[in-house]
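Report on the following structure.
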Amino acid sequence: MVATTAEKSAQSSRETAFILWFDEVKSEDVHLVGGKNSSLGEMIQQLEPKGIKVPTGFATTAYAYRYYIKSAGLETKLRELFADLDVDDVNSLQKCGKKARSLILHTPFPQDLQDAIAAAYKQLCTRYGEELDVAVRSSATAEDLPEASFAGQQETYLNVQGVKNVLECCHKCFASLFTNRAISYRQNNGFDHFEVALSVGVQKMVRSDLACSGVMFSIDTESGFKNAALITAAYGLGENVVQGAVNPDEYFVFKPTLKDGYRPILRKRLGSKEIKMVYDVGGSKLTKNVRVPVKEQEKFSLTEEEVLQLARWTVTIEEHYSQVRGRYTPMDIEWAKDGHTGELFVVQARPETVQSQKSAQVLQTYRLKETGELLCTGRSVGSAIGQGDAHVILDVSKIHLFQPGEVLVTNRTDPDWEPIMKKASAIVTNQGGRTCHAAIIARELGIPAIVGSGNATEILLTGQEVTVSCAEGEEGNVYKGLLPFEVEEIPLDNLPQTRTKILMNVGNPEQAFSLAAIPCEGVGLARLEFIIANFIKAHPLALIHFDELKDEAVKQQIEERTKQYKNKPEFFIDWLARGIGSIAAAFYPKPVIVRLSDFKTNEYANLLGGKQFEPKEENPMLGWRGASRYYDEHYREAFALECLAFRKVRDEMGLTNVIPMIPFCRTPDEGRRVLAEMAKHGLERGVNDLQVYVMCELPSNVIMAEEFADVFDGFSIGSNDLTQLTLGLDRDSALVSHLFDERSEAVKRVVKMVIETAKEKGCKIGICGQAPSDYTEFARFLVEAGIDSMSLNPDSVLKTLLMVADAEQGK
């Protein structure tokens, strides 16, 4: 289409304008107003009609910046400064950056540029009120490209009021194009210093100093899992979250069922939120940090409805930018809540630049070969392992002392630290959450980081050899010494398809998103015991009968763990549901088989408050466990909590791929009693596609397989218990443990028998025990016996998949 004369004239005037309003620009105008400002314009024009609120404002243009540089004769002087720059020499970088910024700050704006900025600000004031408070943000013309993250390279100023102050902050933003970190970043990423221009966005402030703010991603920042939105939140203005000055609240929301109208908040983690940034009313600065009262710290800064609203916006923004760019584009978004009106706003949005660039065809797994003395912990960033000499640096002025390959240990980082971060083998900070500066840069550099440790700078010593492991879940660990570890890279393209479905055993919900990258057909075994023991830690009856607890110390511990809940059983339901939901979401819509609790009495007694409610048994392995508990009058009210957690996962979160499985079910009649108990609490087999499986781990399950098949939808063979009960031995006894072997002919015969019976009854049958993970010959036997599926430990999935493919082809 040929542009008309009027269109050409309008475009020409845009190219030579000093000021463009946000509603005049779109995402393709990065060359005019930078990535940040063009994105704001895109959202105001395209997404406000869809309900997303974005504060308005205007931008100085790239033309205005170049006009200023040219009219003041600055380019020649700047080029002379950069002629001898060595960005790897921290002293050279600092010297060059300081001179460049000083040169700009001591060169005033041309009068016509000053007049244009002043007029635009006054127009904003006319719309919203005199002396309007605004945010003044830098927006470089090369920033926010999907291939490179310029986030935080230039300056931002909040609570700016008055023409004089707006002009001063715009001038400082121009100078910040030459901060040390920006110079280093451009040089290392191949950007010409003089091809990049700077636009300044002047945006109406959202009074989040009176409420809260934060960052959200439309992708899991650690694993690259695409179906979860991560939202972080803290009190006050958002700079503290971005810079890592606070440990924020964190929320994960599952996007696919959110879009279907469900409320799938998979995880909620309370942050400490010790300080908040507010307006410095009557003070000498624009903003200041103040302490947050302890009672406020102990509350979540967002309601669940607000979390869901932000998650919906995240989905809408991601879908829009993916459509605009013609490819999947996960987004990094800043949001704020106005304390006056209670409204939520999006104040920035840019493409995520780390996980979206990774190859999905190679699975890289780090694994410690041994553990050592644990020195400190925090939030893990990434899944790698790094090691070296620790170097504690508390002030950015000392970064020139840092040596390549050391582990950087500090309070928190900001962009001024970037010149040495790229030299670090790992990073450990006292403060920050998963969306703070240190976390973002560590991901971009591909090095492990542990943030929010609280006291790493006090515990770790400069020169001390340490290993930083982010390969063990959401909690990162710093160990003493240089521990051995291995890195495995597995290509994922051209994997064979097998008749026998290969599933995975998943215990820890915090690892589920990462494990979902391993090709499999779902989860064959998720154990509730792991969630209860590691996250809930309290006996369900101790929560139900909290006021009757006799041990005051235990009572205090439970009170501390449940302080967010007036109704203590709700704590159990919520945490169990989130654990189940995280695993179910990671593999959705593939089946996720979750075994109901199967603690023995001695194990239940070890939970907080458990001793008061558990009998003592001589042989707990063969005692009151599994199905026999669920309908017993002494435990059924506790089992009700499990049922309500499953119901929350299926009905509230929309994760109907969850299949509950009954363990240690001795008779078909017992199975029917358990199903009746489940139905009382809204889990009725066959309703809303609910299937219920049973563990096949007792000889009675094999002998009466036909009858069990009439009660349940499927079997899962538990080879550990089936082996010990077939051979009549205690696998934990050193005296007879040498006889424990799933490859025993007796065990193989009962396994083959139950597979044949299940097939005759048209009932699904798989195995979730240890045997096929440990012994390839046992896995081959299962294939030959015609089993439907095998559920394996994560590290056995791919090797067993290849073996199964060979076995099915008769190799």
Side-chain angles (χ1 to χ4, degrees), residues 158 207-215 231-251 265 267-281 283 285 287-307 310 335-340 342 344 376-379 394 411-412 429-436 438-439 450-459 474-475 535-538 543 546-547 549 552-568 570-572 574-575 578 608:
L158 306 176
R207 291 302 304 269
S208 58
D209 61 307
L210 303 174
C212 57
S213 57
V215 178
I231 298 165
T232 63
Y235 299 118
L237 301 172
E239 290 302 292
N240 280 343
V241 177
V242 174
Q243 294 172 4
V246 293
N247 298 334
D249 300 333
E250 291 183 3
Y251 314 83
I265 299 176
R267 300 182 204 165
K268 287 172 66 176
R269 178 181 174 273
L270 187 71
S272 56
K273 311 181 294 294
E274 294 172 352
I275 59 172
K276 65 177 177 178
M277 185 179 287
V278 299
Y279 283 15
D280 188 17
V281 180
K285 299 179 180 179
T287 60
K288 64 180 180 181
N289 276 316
V290 298
R291 300 290 298 180
V292 174
V294 173
K295 284 189 177 180
E296 293 298 307
Q297 292 180 37
E298 293 177 349
K299 294 179 181 177
F300 283 101
S301 47
L302 288 171
T303 66
E304 290 199 352
E305 195 52 59
E306 288 169 335
V307 170
L310 289 171
W335 63 271
K337 179 181 176 181
D338 193 294
H340 283 314
L344 295 169
C376 67
T377 64
R379 303 288 284 158
L394 298 178
N411 195 39
R412 64 182 175 92
T429 68
N430 290 342
Q431 300 174 354
R434 287 165 49 133
T435 58
C436 73
I450 293 176
V451 298
S453 67
N455 57 359
T457 57
E458 299 170 21
I459 292 175
E474 288 196 359
E475 186 167 79
F535 298 102
I536 296 172
K537 298 187 178 181
L543 297 169
F546 177 75
D547 293 336
L549 291 179
E552 286 300 323
V554 165
K555 201 169 184 179
Q556 183 56 42
Q557 285 179 273
I558 293 177
E559 184 66 61
E560 179 64 24
R561 293 197 61 76
T562 61
K563 59 187 174 185
Q564 301 292 323
Y565 295 82
K566 291 180 180 178
N567 179 353
K568 301 202 180 301
E570 278 296 324
F571 166 77
F572 187 96
D574 261 12
W575 279 78
R578 289 185 196 133
L608 289 173

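- If you take CG on D338 and OG on S213, they are separated by 11.5 Å, rounding to the nearest 0.5 Å.
- In plain terms, the two heavy atoms of R269 and P248 that are nearest each other are NH1-O, 4.0 Å.
- Here the closest heavy-atom approach between residue V215 and residue W335 is recorded as N-NE1, 3.5 Å.
- Contact detail for K299 and Q564: the closest heavy-atom pair is CA-OE1, 4.2 Å.
- Using modelled atom types, one side-chain atom of N430 and one backbone atom of T457 make a donor-acceptor pair closer than 3.5 Å.
- Across L344 and E306, no two heavy atoms sit closer than the pair CD1-O, 4.0 Å.
- Using a cut-off of 4.0 Å between Lys/Arg side-chain N and Asp/Glu carboxylate O, E250 and R379 are scored as salt-bridged.
- Atoms CG and CZ, from N240 and R412 in turn, are 7.0 Å apart once rounded to the nearest 0.5 Å.
- The backbone N or O of G214 sits nowhere less than 3.5 Å from a side-chain atom of T232 that would complete a donor-acceptor pair.
- F300 meets the ring-ring contact (aromatic ring centres under 6.0 Å, His included) test with Y251; sequence neighbours excluded.
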Would I558 and L543 satisfy side-chain contact (heavy atoms from CB on, under 4.5 Å), going step by step from the backbone distance to the final call? CA-CA 8 Å; I558 293 177; L543 297 169; 3.7 Å; yes
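- Considering W575, F546, F572, F571 in turn, F571 is the only one that fulfils the ring-ring contact (aromatic ring centres under 6.0 Å, His included) rule with Y565.
- The CG atom of L210 sits 7.5 Å away from the NZ atom of K276 when rounded to the nearest 0.5 Å.
- The minimum heavy-atom distance between N247 and G433, with the atom names listed, is OD1-N, 4.4 Å.
- Between the K273 side chain and the Q297 main chain, a donor and an acceptor come within less than 3.5 Å of each other.
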Check the pair Q431, V451 against side-chain contact (heavy atoms from CB on, under 4.5 Å), reporting the backbone distance first and the verdict last. CA-CA 6 Å; Q431 300 174 354; V451 298; over 6 Å; no
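- Between K295 and E298 no salt bridge is recorded (no basic side-chain N to carboxylate O distance below 4.0 Å).
- Residue N289 holds its CG atom at 4.5 Å from CE of M277, rounded to the nearest 0.5 Å.
- Partners of D574 by salt bridge (Lys or Arg N to Asp or Glu O under 4.0 Å), not counting sequence neighbours, listed by chain and number: R578, K648.
- In terms of the side chain to side chain donor-acceptor pair (under 3.5 Å) criterion, residue partners of S301 (sequence neighbours excluded) are, by chain and number, D249.
- T287 places no side-chain N or O within donor-acceptor distance of the main-chain N or O of D280, the cut-off being under 3.5 Å.
- Taking every heavy atom of both residues into account, C376 and I459 meet most closely at CB-CD1, 4.2 Å.
- Residue K285 holds its NZ atom at 14.0 Å from CG of L158, rounded to the nearest 0.5 Å.
- Side-chain contact between L608 and R561: present, with at least one pair of heavy atoms (C-beta onward) separated by less than 4.5 Å.
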Where do V292 and E274 land on the side-chain contact (heavy atoms from CB on, under 4.5 Å) test, with the steps shown first? CA-CA 5 Å; V292 174; E274 294 172 352; 6.0 Å; no
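- The CG atom of L302 lies 6.0 Å from the CG atom of L310; values are rounded to the nearest 0.5 Å.
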